[in-house]
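Everything on this sheet refers to the single structure shown next.
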Number of protein chains: 2
Amino acid sequence: MQNRNIASTFAKGLAVLGAFDGSAPVLSLAEIARRSSLDRAVARRLVLTLVDQGFVQSDGARGYRLTPRVLRFAGGYLGGRQVGRLVQPVLDRHAARVGAPISMAVLDGHDVLLLAQSTLQNSVVTFGFTLGSTLPLLHTSLGRMLLAMRPSEIAAELLATAPLQGRTPEALTDRRLIRAEVDQARSAGLCIARAQLEAGITGYAVPTGPEAVIGLSRAQGLGHDAQDDQAAIKALQLCAAELIQTGAV
Amino acid sequence: MQNRNIASTFAKGLAVLGAFDGSAPVLSLAEIARRSSLDRAVARRLVLTLVDQGFVQSDGARGYRLTPRVLRFAGGYLGGRQVGRLVQPVLDRHAARVGAPISMAVLDGHDVLLLAQSTLQNSVVTFGFTLGSTLPLLHTSLGRMLLAMRPSEIAAELLATAPLQGRTPEALTDRRLIRAEVDQARSAGLCIARAQLEAGITGYAVPTGPEAVIGLSRAQGLGHDAQDDQAAIKALQLCAAELIQTGAV
DNA sequence: TGCAGATTGTGCGTATATCGCACATATGTG
DNA sequence: CACATATGTGCGATATACGCACAATCTGCA
């Protein structure tokens with residue numbers, strides 16, 4: 001059809017693989033076909049191919065689920081960038097110091113995509129978000145910071161098209177107000193978002209390189225404590241400086 | 001060709017994606033074609049498809065590298081299994097108690113595939129291994145434990161065919177001796193491997209469910225300290241018991 | 001500088017793998 | 001029990017992927 005340099009069957013297969021987005025652990029053929037906008041027969045053959053290759057397993061009946069083998073792709077990315085060796089220890093060390101988990105993320109499509117996440121025992125805010133999971137672009141400090149780092153045309157385009165996914169009464173629903181927040185993040189070089197995604201949670205983000213940001217969340221005490229903000233931002237900036245030094249990502 | 005229910009183009013595309021295995025961050029077309037055993041022209045079209053879909057980016061010249069978007073597949077798996085919410089906190093808590101990072105792994109092909117890894121500030125042994133990376137099956141405690149958990153025909157098959165990748169003078173090179181270690185692991189329900197992969201490092205592993213194992217590594221002091229072994233195994237068993245309770249993986 | 005070997009870009013005829021409809025069967029829902 | 005929805009699969013038509021072949025480009029070495 002379109003371009004002789006694009007293998008459409010492969011593209012469709014990737015869409016099938018992408019249908020397993022984590023929102024449901026097990027999918028039926030009909031569900032897969034719907035999510036990937038493919039003919040059922042086509043989706044079926046592609047799923048069977050994935051089963052044959054060991055990336056998906058059938059539960060005997062009409063359920064299909066990813067196998068751990070899909071993690072190899074992530075391993076290819078993370079290993080190539082040496083994330084485990086260079087980035088993770090830095091995140092862990094600063095997370096321990098500041099007392100909150102630190103995440104690294106990039107922009108991917110209309111989402112914030114988590115690249116790495118320091119873990120921390122006894123962390124009050126138990127994320128539940130892991131590597132490869134996504135967060136809303138417009139209602140997180142990470143997302144707004146990422147927007148601020150893009151060229152203005154691209155940022156404007158994303159601001160206009162990304163879905164509004166705020167989940168709190170305080171969440172901004174006017175894209176112009178979000179734009180103002182993004183502009184402020186751009187000039188300040190950091191972003192603070194209060195209660196946009198989870199009630200009582202404040203998110204902080206700073207850039208680390210041209211593509212990536214790091215951030216942390218913490219429970220908002222009674223009244224905005226400027227000292228808390230200061231400490232969180234300072235910790236992130238130190239961490240970012242160290243990450244930039246390593247040159248990874 | 002073979003089976004009308006298998007889309008060969010998609011299978012080839014997956015082979016191309018798998019060519020990015022983390023051993024080199026950036027690959028040329030010729031290298032990709034070689035690794036995936038495909039005709040150069042075919043590999044090229046498949047890579048261009050990956051670029052079109054945003055999973056690979058070209059560095060302008062003749063270099064191709066994965067984009068973070070491939071992590072979405074990992075996110076689909078991890079999110080579906082709720083690894084971030086159910087598994088990670090348990091690993092972190094026990095790792096902090098025992099003072100060493102704990103990894104969870106499954107068997108995938110001829111490799112140990114890392115599913116999750118607790119991080120720990122100030123850990124002496126800095127792994128460098130991350131989620132999705134692989135370890136040798138025959139020369140790690142994790143791998144031998146996984147072998148011990150498989151039906152004997154499958155274990156025998158893997159024992160005979162998996163590559164010998166020991167990297168120390170003490171590493172076993174006789175498959176029969178490794179088989180004896182696996183047999184012992186099966187009857188004991190745990191596995192200890194000394195200096196098989198890294199000199200001076202001892203690995204410990206115990207099962208957690210029918211498919212997965214958890215393990216940790218620590219530097220071997222002078223002389224085998226039975227108390228250290230005891231402590232490591234005990235910690236892993238407690239951790240495994242808790243993981244089995246959660247029902248994840 | 002110049003040559004040899006390797007890598008890359010791509011056009012094109014042909015064989016065939018893929019598409020997607022359509023029908024039959026299975027499942028499950030009120 | 002009937003209706004709605006999901007699944008398995010055969011098949012003809014055709015879009016599509018294959019892979020050779022040639023040209024352009026790059027890389028290293030003498």
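Numbers restart at 1 for each chain; the letters A, B, ... are given by sequence-line order, proteins then strands.
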Please determine whether a side-chain nitrogen or oxygen atom of [X] lies at a distance below 4.0 Å from atom OP1 or OP2 of [N].
{"X": "A:Ser8", "N": "D:dA17", "answer": "yes"}
{"X": "B:Lys12", "N": "D:dA17", "answer": "no"}
{"X": "B:Thr9", "N": "C:dA17", "answer": "no"}

Kindly indicate, with the supporting measurements, whether the criterion side-chain contact (heavy atoms from CB on, under 4.5 Å) is fulfilled by A:Arg62 and A:Leu29. CA-CA 7 Å; A:Arg62 60 212 96 276; A:Leu29 275 179; over 6 Å; no

Can you tell which of [options] lies closest to the side chain of [X]?
{"X": "A:Ala30", "options": "C:dT8, D:dA6, D:dC18", "value": "D:dA6"}
{"X": "B:Leu29", "options": "D:dT9, C:dG20, C:dG9", "value": "C:dG9"}
{"X": "B:Arg45", "options": "D:dG19, D:dT7, C:dC19", "value": "D:dG19"}

Go nucleotide by nucleotide along DNA chain C from the 5' end; which of B:Glu31 and B:Phe10 gets its closest nucleotide reached first?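 Its nearest nucleotide being more 5', the pick is B:Glu31.
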
Let me know, please, whether B:Arg62 or A:Ser28 comes out on the 5' side of the other along DNA chain D by nearest nucleotide.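 Residue closer to the 5' terminus by nearest nucleotide: A:Ser28.
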
Measure [atom1]/[X] against [atom2]/[N] and give the value in whole Å, please.
{"X": "A:Ile6", "N": "C:dT10", "atom1": "CD1", "atom2": "P", "answer": "12 Å"}
{"X": "A:Leu48", "N": "C:dA17", "atom1": "CG", "atom2": "C1'", "answer": "16 Å"}
{"X": "B:Leu38", "N": "D:dG19", "atom1": "CG", "atom2": "C1'", "answer": "12 Å"}
{"X": "B:Asp39", "N": "C:dG11", "atom1": "CG", "atom2": "C1'", "answer": "14 Å"}
{"X": "A:Tyr64", "N": "D:dT7", "atom1": "OH", "atom2": "P", "answer": "8 Å"}
{"X": "A:Asp59", "N": "C:dT27", "atom1": "CG", "atom2": "P", "answer": "14 Å"}
{"X": "B:Arg44", "N": "D:dC20", "atom1": "CZ", "atom2": "P", "answer": "16 Å"}
{"X": "B:Asn5", "N": "C:dA17", "atom1": "CG", "atom2": "P", "answer": "14 Å"}

Taking the six-membered ring for Trp and the single ring otherwise, decide whether the centroids of A:Tyr77 and B:Phe73 are under 6.0 Å apart.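 No: the rings miss the under 6.0 Å criterion.
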
In sequence, state the C-alpha distance, the side-chain angles, and the governing distance for B:Thr67 and B:Gln57, and then conclude on side-chain hydrogen bond (donor to acceptor under 3.5 Å, both in side chains). CA-CA 6 Å; B:Thr67 69; B:Gln57 63 190 1; over 6 Å; no

Salt-bridge contact B:Arg72-A:Asp108 (side-chain N to carboxylate O under 4.0 Å): yes

Please say whether more than 12 non-hydrogen atoms of neighbouring residues, nucleotides or ligands are located less than 6.0 Å from CZ in B:Arg65.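 Atom CZ in B:Arg65 is packed in, count exceeds 12.
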
Answer with base, sugar-phosphate or nothing: what part of the nucleic acid does B:Ala41 contact at a heavy-atom distance below 4.0 Å? base

